[in-house]
Structure formats: structure tokens, C-alpha cells
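Each chain gets a letter, A, B and so on, in the order the sequences are listed, and its residues count up from 1.
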2 protein chains.
Amino acid sequence: MSETDSPPDDAQDALGRLYDDPEARIASLQNDRPSDQDVAGQAAIFKALGNDDRLRVLEALRDSECCGCELQVVLDAPQSTVSTHLRKLKEAGLVKSRKKGKWSYYRIADTAVFGLLDLAHAVQDDA
Amino acid sequence: MSETDSPPDDAQDALGRLYDDPEARIASLQNDRPSDQDVAGQAAIFKALGNDDRLRVLEALRDSECCGCELQVVLDAPQSTVSTHLRKLKEAGLVKSRKKGKWSYYRIADTAVFGLLDLAHAVQDDA
DNA sequence: AAGACGAATCGAGAATATACAATATGATGA
DNA sequence: TCATCATATTGTATATTCTCGATTCGTCTT
């Protein structure tokens, strides 16, 4: 039975050579770690935002709600593709929808997403 | 030659039935569209942020810069995995690094990133 | 009730992303 | 110089995501 050394073991060795009191540093690094839930929640939002088409949808919704067929025009993509993107945005809690007759209208769920879009744009410019 | 109807054609038909002046609405939807470059740039940032491990790295860098082996401890993952995540964060322009001897130290490139992390957290809570 | 319509869902192939062992690189020190 | 160390890169298997035709689901109209 070959025993693969547990991933961070060599790293802990390295820290031992880098600091006088590696234990304290390690403890500090491990304590400030956010919860799995928090991180997963944030990641889910960023994943939903990490797609050109979905960003275009949100941008279109900045001014007003849109029905599905309007967003098809915005994306210039097949209906099923657009619908799938909209579902992902809904699942991520970024948009809401209402039905009116055979039309579905989509709108931004939380205007804070505009903050995310604008900040990402700013970060991009700085780089 | 079967001519697949260009994706948004049926959608434009639908808009024709929904609005008195569909042309105007279509023009408006298409004009307010952000540039490919802008969208791709934003998406690249969100893609880099759409991963649990990379969010943990950024969170660890909130307080101070860290060397690679410290981030191995934070993530509890093999060295090559951590290094790959760090490269992605660098490519996205979210972190910078400096070399000191055999150590590489990583730091946040733009504190606006914290705004993104915090906003995503807030959006998550609202949902 | 029947057909048309907008939208949602399904399914499969393609494209991306991820994890990580193995290996390479480059710095340090004996 | 040679061994060791921290990190970077590469190769590859696996997993996730994306796209989009086909189908299904409600709703409206006649």
C-alpha cells in the first residue's frame, strides 16, 4: 500500500520553513475560510453570469422586461437555446418571470445584478 | 436546398403580432446591444469567479498576499491543482504575483474584486 | 374541438472546464 | 556540482456546460 501524502502535507512542510510559527499561520488560514454554502452560492451566481448570451439578456432587461421572443431577437439564437439560458438565469435567482397568455415576460429579480455587471466592466477596464 | 429559417425569424413574426410597430422595437433591442468585446471581457471575469476553489483563494487574499504553499493549505488540494487555479485568476487579471526566491506570492490585482464578491453574496441572500 | 402559436423540456453530440499525477523549471544551499 | 525545494507546465481522464432539433405543454383563436 503506497501512501500518497495527503495534499497539503508538503505545503505545510514548506510553511514550516517559511515561518517561525507555522501552526499559527495555518490556523489563521483555515479559520478565515468561508463556509461551503456561502462559496457555493456565490459561485452559482458567477457561473450564471459567465456566459456571453446570458450577459446580453441581462443587459437587455436593464431597461424593461422582455418576453421570450424579444430575447430571441436580442441573442439571434434558436428558441430552445434562449429558453435554456433563461432557465439558468431563473435558477440562479437573477431573473423572474410572469406569464401573460402564451407569452412569458422576464425581468431582473434584483437590481444588484447591475452592480455586478458594472463592476465587472470596471475591473475589465482597469486590467 | 432546404432553407432553415434563420433563428430569430419566427420570433420577429411573434413581435409583429405583439406590437403595432415591431420594427421600432426590434431596432431598439438590437441597438442597445453591448459590444462583443465588452461582453466577452465581463464573461471572462465571471468565468474566473465561477469556481469554489478560486473564490476561496480570493477570500484568502482579502487580508494579505499569500504564497502558493499557503494557498495549498487553504484549498486542501494538490499543488498542481492550486497552481492551475492561480494561473486562471492571473489570466483573468484578478490577481498578480511576484517571485521571491523560490516562492511565488499572490495578491489581489484590483480591490474592486471584493466588491464583486460582496455583491454576489448580497444577491445570494436576497434570493 | 382543431389548429396555430409562444414557450418549456428532452436528448444527444460538441465544446469547455476540472482534477491531478508526472514531469519540467528555476532557485537555493550544501 | 548536486540534491532539494517551491512552483509551473503538460498530458489525460473525467465532469460539466452548451447548443439546438425535436417534442411536448398550455393558451388562444376560430
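- No donor-acceptor distance shorter than 3.5 angstrom exists from the side chain of B/Ser28 to the backbone of B/Ala24, with no hydrogens or angles considered.
- With rounding to whole Å, A/Arg98 atom CZ is found 15 Å from C/dA7 atom C1'.
- Between A/Leu75 and A/Thr81, the closest side-chain pair of non-hydrogen atoms is not below 4.5 Å.
- The existence of a salt bridge linking B/Asp36 and A/Arg56 is confirmed by a sub-4.0 Å separation between a basic side-chain nitrogen and an acidic carboxylate oxygen.
- Checking the phosphate oxygens (OP1, OP2) of C/dA17, no side-chain nitrogen or oxygen of B/His85 falls inside 4.0 Å.
- Side-chain contact between B/Arg25 and A/Cys66 is present, with at least one heavy-atom pair separated by less than 4.5 Å.
- Scanning residues 37-62 of chain B for heavy-atom distances under 4.0 Å to DNA chain D yields an empty list.
- Residue-level contact check: B/Lys100 touches neither bases nor backbone, having no heavy atom under 4.0 Å from any strand.
- The existence of a salt bridge linking B/Arg62 and B/Glu59 is confirmed by a sub-4.0 Å separation between a basic side-chain nitrogen and an acidic carboxylate oxygen.
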What does nucleotides 1-11 of chain D look like as a protein-contact string, B for base, S for sugar-phosphate only, - for none, at under 4.0 angstrom between heavy atoms?
----BSBBBB-
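- Summarising the geometry of A/Leu94 relative to A/Ala48, their closest heavy-atom pair is CD1-CB, 3.9 Å, with the distance given to 0.1 Å.
- Inter-residue side-chain proximity for B/Tyr106 and B/Leu89 is flagged as unmet; no heavy-atom pair is nearer than 4.5 Å.
- Inter-residue side-chain proximity for A/Val95 and A/Leu58 is flagged as met; some heavy-atom pair is nearer than 4.5 Å.
- What separates CG of A/Leu18 from C1' of C/dA27 is a distance of 15 Å, to the nearest Å.
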